[in-house]
Visitor: 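Mind having a look at this structure? Questions to follow.
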Amino acid sequence: MNQTLPLSHTDILPDILPPLLQWYPAQADNRQLPWRESPNPYHTWLSEIMLQQTRASAVIPYYERFLDALPDIPALAAADETLLMKLWQGLGYYSRARNLQKAARIIMDRHHGKLPQDQSALQNLPGIGPYTAGAIGAIAWGKPWPAVDGNVLRIVSRVLASSADIASARTRRAVTDALSPLYPSGSSAGALNQAFMDLGATICLPHGAPHCPRCPLAALCLAHEAGREQDFPVKKAARPRRVEQYTVLLLRQGNTYALHQRPKKGLLAGLWEFPNLPGKAASQQIRKYLRQYGLTADSLVPLPEARHIFSHVEWKLSGWLICLAAPCCIVADSSLPLRWVTPQEIAKTYSVPAAFSHYLPYLYHPTTKSMK
DNA sequence: CATACGTGGCA
DNA sequence: TTGCCAAGTAT
C-alpha cells in the first residue's frame with residue numbers, strides 16, 4: 001500500500017497554486033527575512049544552504065555575520081578555512097560550510113564567478129541538491145522549478161490526505177514531478193516556492209494543530225475536510241540513536257587551555273574540541289592518560305555531567321578541570337596534537353561545536369574567586 | 001534505499 | 001524531561 005501519491009487526487013494540485021500566489025504577498029511582510037531584502041543569486045544561495053534543516057530564526061544572525069565577512073563569491077572562494085568554520089560555529093551540519101566554499105571555487109574556476117543557471121550544472125555543485133537548485137533557480141532567475149522541501153511535502157500530503165511516506169525519495173520525486181508542469185516562469189516561481197515555506201512555517205505547522213481557519217488552501221484540503229490534519233504527513237519512525245560516553249578534559253596550563261582538532265572526516269569534522277577519552281574515566285585513569293603524553297596534573301576537579309543529543313548519536317559527558325604542573329613540557333606527539341590557547345583566542349578564532357559548550361563556562365573558573 | 005550529518009525550539 | 005523535527009545533501 002502507501003503509494004507515492006493517490007493519483008485519483010493529483011488533479012487537486014493545480015488548484016492550490018492560485019490561492020498560494022494570491023496569499024503570499026498579502027502576508028509576506030509579516031516575516032522579515034534578510035535574504036528577501038536584498039536578493040541576488042549569492043544571497044539566495046547562502047540563505048538556502050543555511051536554511052537546510054535549520055529554522056529561519058536560527059539562521060538570521062549567522063546569515064548577516066557571514067555576509068559581512070564574506071560579501072561575495074570571490075571572497076568566499078578566497079576565505080581562510082579557520083574563518084569559514086568560525087562563521088559556521090553553532091549552526092550545525094558543518095559540511096555545508098565546506099561545500100559552500102568548494103562550490104565557490106568551482107564557480108570562480110569554471111563559471112566566470114557566477115552561479116550557473118543551467119539546472120544540472122547548478123545541481124552538480126557541492127551542497128546543492130534538487131531542493132536548493134529549485135529554490136535558487138526560481139527565486140534568483142524565475143526558473144519554473146519547484147523546491148520540494150519538508151514544507152511542500154507536509155502541505156501536499158495534507159491537501160491530498162496522502163499516506164505516502166514523506167521520508168522516502170520516491171515520494172519527493174512524485175511530488176516534484178506532479179508540481180513541475182504546473183509551475184510558472186518569472187517572479188511567480190520564486191513567490192510560489194516562498195509561499196509554500198511561509199505557509200508551512202506559519203499556518204500548516206509541522207507539530208501541534210495547524211491554523212486551518214487562516215489557510216488559503218483550507219477549502220480544498222482533504223485532510224481538513226476529514227478533520228484529520230494531524231494524521232498527515234506520515235513519516236517512518238526514526239531509528240533509536242546510539243549512546244556514547246566520553247570524559248572531557250579542560251587542561252589548564254597558565255592562562256591557556258588545550259584544544260584538539262577533530263579528524264577531517266565524520267562527526268564535527270575538523271572542528272576543535274577539548275581533549276577527551278572514551279568512557280567515564282576516574283581520576284586515576286585520567287592521570288595515567290596524561291602521563292602517556294608527559295603531562296602531570298596538579299589538581300583534578302570534577303565538573304557537572306552533561307548530555308548532548310545529535311540526530312543519530314547521544315553523548316554522555318563527564319568533565320574535569322585539570323591544572324597541569326607548572327613547568328610542563330609541551331609534547332609534540334602527533335597522536336595528540338594539542339593547541340594551547342587562551343579563552344579569548346578560543347572565542348575569537350576556534351570553531352568549537354555546541355557539544356562542548358557545556359564546559360566553556362569553566363574555562364574562566366581559575367582560582368581567582370571572581371568578583372561577580 | 002538507508003544512513004551520516006548538528007542544533008535548538010516546542011509540545 | 002523526553003521526543004519530534006526544520007527551507008536536505010552526500011555517500
Side-chain angles (χ1 to χ4, degrees), chain A residues 31 33-36 43-63 85 88-100 102-103 122-136 138-139 146-155 165-173 175-176 190 192-202 204-210 230 233-244 262-271 273 307-315 351-358:
Chain A
R31 300 226 302 162
L33 303 173
W35 43 89
R36 290 185 183 171
H43 293 174
T44 302
W45 173 33
L46 176 64
S47 68
E48 291 300 340
I49 297 296
M50 286 187 162
L51 286 161
Q52 289 170 5
Q53 298 289 282
T54 310
R55 285 188 162 71
S57 58
V59 165
I60 290 171
Y62 283 87
Y63 174 83
M85 299 317 292
W88 213 268
Q89 170 183 286
L91 197 55
Y93 287 146
Y94 297 92
S95 65
R96 290 184 294 176
R98 299 183 193 283
N99 284 334
L100 203 54
K102 275 187 205 164
L122 188 60
Q123 206 171 136
N124 282 334
L125 292 170
I128 299 184
Y131 162 77
T132 306
I136 295 171
I139 295 169
V148 177
D149 67 336
N151 291 306
V152 173
L153 290 167
R154 182 171 63 258
I155 292 164
D165 177 5
I166 64 161
S168 88
R170 184 167 64 237
T171 303
R172 185 171 47 74
R173 276 196 304 274
V175 172
T176 305
L192 206 44
N193 284 339
Q194 295 179 88
F196 273 116
M197 298 170 200
D198 281 6
L199 190 71
T202 63
C204 197
L205 305 175
H207 46 67
Q230 305 211 54
V234 171
K235 204 170 180 181
K236 194 175 38 183
R239 283 182 18 147
R241 49 176 83 78
R242 68 176 183 273
V243 179
E244 299 175 352
R262 293 179 60 84
K264 292 298 181 194
K265 299 230 175 240
L267 187 63
L268 307 171
L271 272 64
E273 64 183 356
R307 188 168 74 130
H308 192 82
I309 312 280
F310 300 92
S311 318
H312 57 302
V313 194
E314 173 178 342
W315 281 359
S351 187
V352 178
F356 292 91
S357 61
H358 305 97

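We use all heavy atoms of the structure for the numbers below, so side chains are in, but hydrogens, waters and symmetry mates are not. Lettering of chains follows the sequences in order, A, B, ..., and the numbering in each one begins at 1.
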Visitor: Closest approach to the side chain of A/R154, judged atom by atom: which nucleotide of C/dG8, B/dG6, C/dA6 is it?
Guide: C/dA6
Visitor: Base of C/dG8, side chain of A/T132 - is there a donor-acceptor contact under 3.5 Å?
Guide: no
Visitor: Base, sugar-phosphate, or nothing: which does A/K236 touch, judged by heavy atoms less than 4.0 Å apart?
Guide: sugar-phosphate
Visitor: Whole angstroms only, please: what is the CD-P distance between A/Q53 and C/dT9?
Guide: 9 Å
Visitor: Please check the phosphate of B/dT7 (OP1 and OP2 only) for any side-chain N or O of A/H308 closer than 4.0 Å.
Guide: yes
Visitor: Give one of base, sugar-phosphate or nothing for A/I128, where a contact means two heavy atoms less than 4.0 Å apart.
Guide: sugar-phosphate
Visitor: Would you say the side-chain atoms of A/T44 and A/R36 include a donor-acceptor pair closer than 3.5 Å?
Guide: no
Visitor: At under 4.0 Å, does any side-chain N or O of A/T54 touch on OP1 or OP2 of B/dG6?
Guide: no
Visitor: Measure from NZ on A/K235 to P on C/dC4 and round the result to the nearest Å.
Guide: 10 Å
Visitor: For residues A/F356 and A/H358, establish whether the separation of their ring centroids is below 6.0 Å.
Guide: no
Visitor: Quick one: which of B/dC5, C/dT2, C/dG8 gets closest to the side chain of A/L267?
Guide: B/dC5
Visitor: Starting at atom CD1 of A/I60, determine the distance to atom C1' of B/dG8, rounded to an integer number of angstrom.
Guide: 15 Å
Visitor: Identify whether any heavy atom of A/W35 sits under 4.0 Å from a base atom; if not, whether one sits that close to sugar-phosphate; answer base, sugar-phosphate or nothing.
Guide: base
Visitor: What is the distance, rounded to the nearest whole Å, between atom CG of A/N124 and atom C1' of C/dA10?
Guide: 13 Å
Visitor: With nearest nucleotide decided by heavy atoms, which residue, A/Y93 or A/K102, maps closer to the 5′ end of DNA chain C?
Guide: A/Y93
Visitor: Which sits closer to the 5' end of DNA chain B, A/R173 or A/P353, going by the nucleotide each is nearest to?
Guide: A/R173
Visitor: Ignoring backbone atoms, establish whether A/R170 has a side-chain N or O less than 4.0 Å from OP1 or OP2 of B/dC1.
Guide: yes
Visitor: Are any of the side-chain nitrogens in A/R172 or A/D149 under 4.0 Å away from the carboxylate oxygens of its partner?
Guide: no
Visitor: Please check the phosphate of C/dT2 (OP1 and OP2 only) for any side-chain N or O of A/R307 closer than 4.0 Å.
Guide: yes
Visitor: May I ask you to check whether A/E48 and A/Y131 show a side-chain donor-acceptor distance below 3.5 Å?
Guide: yes
Visitor: Categorize A/A238 for me: base, sugar-phosphate, or nothing, with a 4.0 angstrom heavy-atom threshold over every strand shown.
Guide: nothing
Visitor: Separation of A/W88 atom CH2 from C/dT9 atom C1', in whole Å?
Guide: 13 Å
Visitor: If you apply the rule side-chain hydrogen bond (donor to acceptor under 3.5 Å, both in side chains), what do you find for A/T54 with A/R96, and how did you get there?
Guide: CA-CA 12 Å; A/T54 310; A/R96 290 184 294 176; 3.2 Å; yes
Visitor: Using the side-chain heavy atoms of A/L268, tell me which of these nucleotides is nearest: B/dT7, B/dC1, C/dT2.
Guide: B/dT7
Visitor: Would you mind classifying the nucleic acid contact of A/F196 as base, sugar-phosphate or nothing, using non-hydrogen atoms under 4.0 angstrom?
Guide: nothing
Visitor: State which of C/dT9, B/dT7, B/dA11 makes the closest approach to the side chain of A/H207.
Guide: B/dA11
Visitor: Just to be sure I understand the rule, does A/R241 reach a base, reach only the sugar-phosphate, or reach nothing, if contact means heavy atoms closer than 4.0 Å?
Guide: nothing
Visitor: Look at the side-chain N and O atoms of A/Y62 and state whether any lies under 4.0 Å from the OP1 or OP2 oxygen of B/dT7.
Guide: no
Visitor: Which residue, A/N99 or A/L33, contacts DNA chain C at a nucleotide closer to its 5' end, judged by nearest heavy atom?
Guide: A/L33
Visitor: Run the salt-bridge test on A/R241 and A/E314 with the 4.0 Å N-O cut-off and return the result as yes or no.
Guide: no
Visitor: Find the distance A/L51:CG to B/dT7:P and express it as a whole number of Å.
Guide: 17 Å
Visitor: How many whole angstroms separate atom CD1 of A/I136 from atom C1' of C/dT9?
Guide: 13 Å
Visitor: Roughly, in whole Å, what's the span from CZ in A/R239 to C1' in C/dC4?
Guide: 17 Å
Visitor: For a side chain to side chain contact (heavy atoms under 4.5 Å, CB included) check, start with the C-alpha distance between A/Y93 and A/Q52, then their side-chain angles and the critical distance, and finish with the verdict.
Guide: CA-CA 9 Å; A/Y93 287 146; A/Q52 289 170 5; over 6 Å; no
Visitor: Using a heavy-atom cut-off of 4.0 Å across all strands, would you classify A/G208 as base, sugar-phosphate, or nothing?
Guide: nothing
Visitor: Hey, which sits more toward the 5' end of DNA chain B by its nearest nucleotide, A/A169 or A/Q89?
Guide: A/A169
Visitor: What is the nucleic acid contact for A/A58, judged by heavy atoms within less than 4.0 Å: base, sugar-phosphate only, or nothing?
Guide: nothing
